[in-house]
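Working notes for the structure below.
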Amino acid sequence: MFGSIVRNTLTKSKNVVNLTKFNQNNGRSSLSSSSIKYYSSNNQNRLNNNNNFNGNNNSNKNNNRNSSWMFGAGAAAVAATALLGSILSLEEQNKDTTTTEKKEKIARPEDDLNIEKFKYVIIGGGTAAYYAVDKILEHDKQATILMISKEYEVPYQRPPLSKNLWANKDENVKETLEYSDWSGAKSKLLYEPESVYGNEVLQFIRNKRVVDIHLDGKVILLNDGTLVAYEKCLIATGGEPRKFNYSASDDPRITTYRTVDDFRKLHDVVHDDKVKHVTVIGGGFLGSEITCAINDNLKDKVKITQVFPENGVLPLIFPDYLSKYATDKVKASGVDVLEGRLVKDISKNNDKLKVQLDNGSSIDTDHVVVAVGIIPNTDIAKSTSLEVDPVNGGYVVNAELQARSNVYVAGDVASFYDYNLGVRRRVEHHDHAKATGELAGKNMAGSADPYTYLPFFWSDLTDHIGFEAVGNTDAKLKTYAVWEKQKTDDADKFSKGIIYYLNDKSKVVGVLTFRNYGKMDKARELITKGKPITNLEDLQHAISLEDEHH
Ligand SMILES: Cc1cc2nc3c(=O)[nH]c(=O)nc-3n(C[C@H](O)[C@H](O)[C@H](O)COP(=O)(O)OP(=O)(O)OC[C@H]3O[C@@H](n4cnc5c(N)ncnc54)[C@H](O)[C@@H]3O)c2cc1C
Ligand SMILES: NC(=O)c1ccc[n+]([C@@H]2O[C@H](COP(=O)([O-])OP(=O)(O)OC[C@H]3O[C@@H](n4cnc5c(N)ncnc54)[C@H](O)[C@@H]3O)[C@@H](O)[C@H]2O)c1
Ligand SMILES: NC(=O)c1ccc[n+]([C@@H]2O[C@H](COP(=O)([O-])OP(=O)(O)OC[C@H]3O[C@@H](n4cnc5c(N)ncnc54)[C@H](O)[C@@H]3O)[C@@H](O)[C@H]2O)c1
């Protein structure tokens, strides 16, 4: 997907700076936590050497490449001083020393501070980050890009982690990360092979967190003390799974689920002979998908109980009747669904975990997966002046996806003004991460286009409970549905249909096509027309129920 740009560079370049491989071999162990101490010990003249990403003696070549970007004493020194101050505050949180002693340790960067600079620094290694890089490469032939991810893996897509990947019975699936899509075609989870990263155009730092940005100095700080300068920066940090405080919260058998590492761990858990029962907490997208994926593929191996407080699965988007119908299908597939139940606590009970419910009952289980939503990852905002949306969470961005003139935000963590729906919101779905990533990348490379796209999302549970949806599909809105079958006694009465979501002005603001695919463009057209629907019957034929494969 990155096209020929990176690959050409790889073959042409004699001076490949292979950051990815270097990190992989643990070659930069000296830049781990020990470097934090180093920076705060007033010995800053060696900062440059320590911050050199090459690490293997090709620093001069690399510095030459970047020579036109080198910082002078001014902005960089101020930025670095401030950021090194935040390393100190990190230390402060961890060490019990007096304030005076700590202040004396504040670092003073040398005037000839020489921080490696990239034209584009991308914080995050997820979907939004990947597609931003794709567009930067397309629009800026002079690009030099650094991606930084706190995960080990190079960018990959998350949707198959709770769906098709579980259908792959190959025992090497944790390494190959291959899956088949609904049409049978084989795909890989990683967007690009590892070999695409680690060259003069595109570098990737794995297993490191960005902890601070100095917006005026245009310098970022990593958790190991590394400083990097940028011209344009993208924040695409996604979200962290929400956690509850249970009595047994520190027990490794209570896990959340978001990353490929989580897939590997859960795969091991359910294939462990001792594990006979898994409890999934949450009835949203993740809780319902992971329940169905494991149950459909491994029901002979483990029994699953799914617990959540609402009346049925996917309660935030399905109208009540459809949520109940889908829940019945999940039950029929063999899952023990406990709807309308809150988890009060989880405690250790000999070799089991005890999940205590609000009605006084409890479940003895071998493993618990907590899937109760995410918190947008705005940690970096704590030390910057970037605005966080107090209502929706996430960084507030303008129509061009900028938080500040050279700082862009995309994906789950962006609070944007939805041009089509007339509201500020955040969207936690794949297509939005892709579209905002692409637009941010294009804008970083010189355009100034607004985000006017209406992203879609989809989900697939058991027994072909699948749909695509676009716009505002809040279950609290008034809905009007068109179904192919209308017999009320038919167990499959919701075999195929379209649900229209209407606002208080009777305009269609959202459309969900149930067991019905490829209708999203027509749905977008209907939403963007924004005409009030005076007679609901007019919606009967607004979008055809006929199959349209895409
Ligand atoms: C299991 C699963 C299945 C899903 N299935 C679907 C689906 O079927 N359909 C759909 O539409 N959506 C689905 N989604 C949602 C979709 O995957 C997300 O909306 C999308 O991944 C968001 O992309 P993002 O780039 O904003 O964030 P992410 O993909 O979460 O990427 C954020 C990246 O930033 C890194 N990071 C965070 N903080 C820092 C930091 N300080 N420094 C460095 N790196 C950092 C993280 O490690 C991560 O690599 C699914 C999500 C999950 C978890
Ligand atoms: N036409 C059909 O009969 C039919 C049947 C089942 C599923 N689907 C649709 O296929 C898609 C995913 O199915 P799957 O879970 O088997 O995954 P998949 O393996 O087909 O999809 C792989 C990846 O491709 C991307 N993708 C898939 N469809 C997309 C689309 N329409 N637009 C943008 N990106 C897309 C996503 O990144 C997804 O993770 C959903 O849109 C689903 O509703 C269609
Ligand atoms: N198909 C998709 O689009 C898809 C698939 C998987 C994950 N995701 C994304 O991944 C993220 C995580 O998904 P998620 O399902 O955790 O979030 P979610 O926001 O979709 O669902 C949260 C769910 O948590 C449950 N919950 C909340 N408090 C609870 C409590 N006290 N006890 C029991 N249950 C409780 C509720 O059932 C609620 O529906 C979201 O951003 C989601 O959009 C999307």
Side-chain angles (χ1 to χ4, degrees), residues 122-132 147-165 205-213 220-223 234-242 244 256-263 266 280-291 293 306-317 323 338-344 355 357-358 369-380 394 409-414 426-434 436-437 455-461 466-469 475:
I122 313 290
I123 307 174
T127 293
Y130 170 79
Y131 281 103
M147 300 179 91
I148 303 156
S149 176
K150 66 183 176 131
E151 288 182 61
Y152 176 86
E153 225 66 55
V154 295
Y156 61 89
Q157 52 174 325
R158 300 194 194 277
L161 293 176
S162 53
K163 303 181 197 65
N164 345 33
L165 217 47
I205 294 186
R206 63 190 357 146
N207 285 339
K208 296 274 188 282
R209 231 164 7 97
V210 172
V211 291
D212 205 351
I213 309 178
I220 61 159
L221 170 69
L222 274 59
N223 62 317
L234 175 69
I235 304 177
T237 46
E240 291 299 312
R242 182 181 295 145
F244 291 139
T256 53
Y257 193 84
R258 183 149 182 101
T259 65
V260 70
D261 265 355
D262 296 334
F263 165 72
L266 194 58
V280 175
I281 303 178
F285 288 103
L286 181 57
S288 305
E289 287 182 6
I290 198 73
T291 292
Q306 187 188 4
V307 194
F308 49 84
E310 297 92 347
N311 294 334
V313 296
L314 300 179
L316 302 179
I317 49 161
S323 175
L338 301 180
E339 67 269 50
R341 289 272 78 88
L342 264 177
V343 172
K344 286 300 214 191
V355 180
L357 305 180
D358 57 351
V369 180
V370 181
V372 292
I374 60 164
I375 298 168
N377 206 334
T378 50
D379 281 359
I380 307 168
V409 184
D412 283 8
V413 80
R426 262 186 337 101
V427 173
E428 295 174 1
H429 294 290
H430 175 93
D431 189 38
H432 172 72
K434 175 175 184 278
T436 50
F456 88 109
F457 61 96
W458 75 96
S459 182
D460 288 298
L461 307 184
F467 66 87
E468 296 180 342

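It should be emphasised that the depicted structure is a prediction, and the values quoted were computed from it without experimental measurement. Numbering of ligands and ligand atoms starts at 1, following listing order.
- Below 3.5 Å of separation, one finds no N or O of D431 facing any N or O of ligand 1.
- For ligand 3, one of its N or O atoms has an N or O atom of G283 under 3.5 Å away.
- Where the criterion is an N or O separation shorter than 3.5 Å, residue side chain and backbone included, I281 fails it with respect to ligand 3.
- The ligand atoms of ligand 1 that sit less than 4.0 angstrom from a heavy atom of L286 are 1 (C).
- Under a 4.0 angstrom heavy-atom cut-off, D379 registers as lying outside contact with ligand 1.
- Of the candidates E151, R158, E428, it is R158 that places a heavy atom closest to atom 50 (C) of ligand 1.
- Looking at ligand 3, you won't find any N or O of R341 less than 3.5 Å from one of its N or O atoms.
- At a heavy-atom cutoff of 4.0 Å, ligand 1 is contacted by both the backbone and the side chain of W458.
- Residue contacts with ligand 3 for F244 involve side-chain atoms from C-beta outward but no N, CA, C or O (heavy atoms, distance under 4.0 Å).
- Looking at ligand 3, you won't find any N or O of K163 less than 3.5 Å from one of its N or O atoms.
- On a distance-only criterion, P309 and ligand 3 share no N/O pair closer than 3.5 Å.
- When only interatomic distances are considered, the shortest N/O to N/O separation between G373 and ligand 3 falls below 3.5 Å.
- Evaluated by nearest non-hydrogen atom to atom 42 (C) of ligand 3, the leading choice among E428, H432, R242 is E428.
- Within the structure, ligand 1 has G125 among the residues with a heavy atom less than 4.0 angstrom away.
- For atom 39 (O) of ligand 3, the nearest non-hydrogen atom from the set P376, G287, G284 comes from G284.
- Contacts between H430 and ligand 3, counted as non-hydrogen atom pairs separated by less than 4.0 Å, are absent for every part of the residue.
- By the criterion of a heavy-atom distance under 4.0 Å, the side chain of N377, and not its backbone, is placed next to ligand 1.
- Every N/O-N/O distance between S162 and ligand 3 stays at or above 3.5 Å.
- Using a 3.5 Å distance cut-off with no hydrogens or angles, the side chains of Q157 and T127 do not pair a donor with an acceptor.
- In this structure, F285 and F467 have tilted ring planes: the angle between them lies in the 30° to 60° band.
- Contact between K163 and ligand 1 is present, with at least one heavy atom of the residue lying under 4.0 Å from the ligand.
- Contact annotation for A236 and ligand 1: only backbone heavy atoms (N, CA, C, O) come within less than 4.0 Å of the ligand.
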